[in-house]
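Each remark here refers to the structure printed beneath this line.
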Protein chains: 2
Amino acid sequence: MTTARRVVIEALATQGGHPTAEDLSATIAQHHPGIHRATVYRTLETLTEMGVVAHVHLGHGAAAYHLLGSPQDVAHLHALCHQCGRVFDLPGSLMDEVAERVREEIGFELEASHHALSGLCRACTSTTVP
Amino acid sequence: MTTARRVVIEALATQGGHPTAEDLSATIAQHHPGIHRATVYRTLETLTEMGVVAHVHLGHGAAAYHLLGSPQDVAHLHALCHQCGRVFDLPGSLMDEVAERVREEIGFELEASHHALSGLCRACTSTTVP
DNA sequence: TTAAATGCAAAGAATTTGCATAACA
DNA sequence: TGTTATGCAAATTCTTTGCATTTAA
């Protein structure tokens, strides 16, 4: 447990929303200028392997990191509106049946929370009417 | 309809698998060295706006492009194994119920095929047993 | 002809890597 | 003390942009 790791975990615990590696890197830079971006990336990778954090792929590959097992973690899925970019939380059980079906059919073990779903949120749906 | 667009569409029709913009760019470079990478990217964007092609976000942000309405397009979803990286096709209707539920609950219009699902494929599940 | 598309080169972002140094156990 | 992690800078990879030129309609 090094300083950098403590700081990264702290940032994950503190920062709300769905911070990307770059977001975290930026936040950390403010309070701990000494900690290099590369270290943040490497630390996130290490912590992921250790099972302490996980990430969700939102749009365009910007993965959002979060602590595992934290109070606010309570397994949930994400839906990304590709119009306004907002992220909506969905119940973690939403895909249970789908996962079950995929498991039976092709033996694929779904990790539903690892990729966001996407589409249009209510607000953008109404705006988009041509 | 310009040369570049014809070539991009041709590449999409020809190239199997789930080519990324970079993949397409590379393929095209072999047969049509004149066509610049930037043009491929721009063309893909344009064709997307025109509704001719679409892309799926697989892992790490590398979007896979495909022609819309092509015979082999028949609406389907993708599941990405994050161990071996292979992409599996799933029936397009798989998420219908989920979409319905999300629509009712938060008014979110899901586009299930726009992001891949992810998890472990059968082969990797068995290999991973520690 | 005239607007739109292209090629080029260069700029950008996000992320990774090699290596010497520093910190942890 | 001997790894392992870090800081740094530079390299990569993927993608976008400005602008002059070409092309299609």
Side-chain donor-acceptor contacts of residues 85-95 of chain A below 3.5 Å, not counting sequence neighbours, with atom names and distances?
none

Separation of C:dA23 atom C1' from A:Arg6 atom CZ, nearest Å, is 12 Å

query: Do A:His31 and A:Glu10 touch side chain to side chain, with heavy atoms closer than 4.5 Å?
result: no

Contact check, side chains of B:Thr39 and B:Tyr41, non-hydrogen atoms, under 4.5 Å:
no

Salt bridge (Lys or Arg N to Asp or Glu O under 4.0 Å) pairs touching residues 102-119 of chain A, sequence neighbours excluded, are A:Glu100-A:Arg103, A:Arg103-A:Glu109

inquiry  = Under 4.0 Å, heavy atoms only, any strand: does A:Thr3 hit a base, just the sugar-phosphate, or nothing?
reply    = sugar-phosphate

Here the residues of residues 33-46 of chain B within 4.0 Å heavy-atom distance, strictly under, of DNA chain D are B:Arg37, B:Ala38, B:Tyr41, B:Arg42

Check whether any side-chain heavy atom of A:Cys81 sits under 4.5 Å from a side-chain heavy atom of A:Ser118, and report yes or no.
no

To the nearest 10 degrees, the angle between the two end axes of the helix from C:dT1-D:dA25 to C:dA25-D:dT1 (five pairs per end) comes to 40°

Taken to the nearest whole Å, CD1/A:Ile9 to P/D:dA5 is 14 Å

Per atom distances to the A:Met1 side chain, the nearest of D:dT6, C:dA25, D:dA25 is C:dA25

Across all chains, not counting sequence neighbours, the ring pair (Phe, Tyr, Trp, His ring centres under 6.0 Å) partners of A:His36 are none

So, with a heavy-atom separation below 4.0 Å from DNA chain C, the residues of residues 21-29 of chain B are none

> Hey, is the main chain of A:Ala123 close enough, under 3.5 Å, to the side chain of A:Ser126 for a donor-acceptor pair?
Replying inline: yes

Subject >> Heavy-atom side-chain contact between B:Tyr65 and B:Leu47 under 4.5 Å >> reply: no

Is there a side-chain contact between A:Thr20 and the phosphate of C:dA14, meaning an N or O under 4.0 Å from OP1 or OP2? no

From the list A:His18, A:His114, A:His78, ring pair (Phe, Tyr, Trp, His ring centres under 6.0 Å) with A:His57 holds only for A:His114

A:Leu68 side chain near A:Val52 side chain, heavy-atom distance below 4.5 Å: no

Any A:Val8 side-chain heavy atom under 4.5 Å of A:Arg5 side chain = no

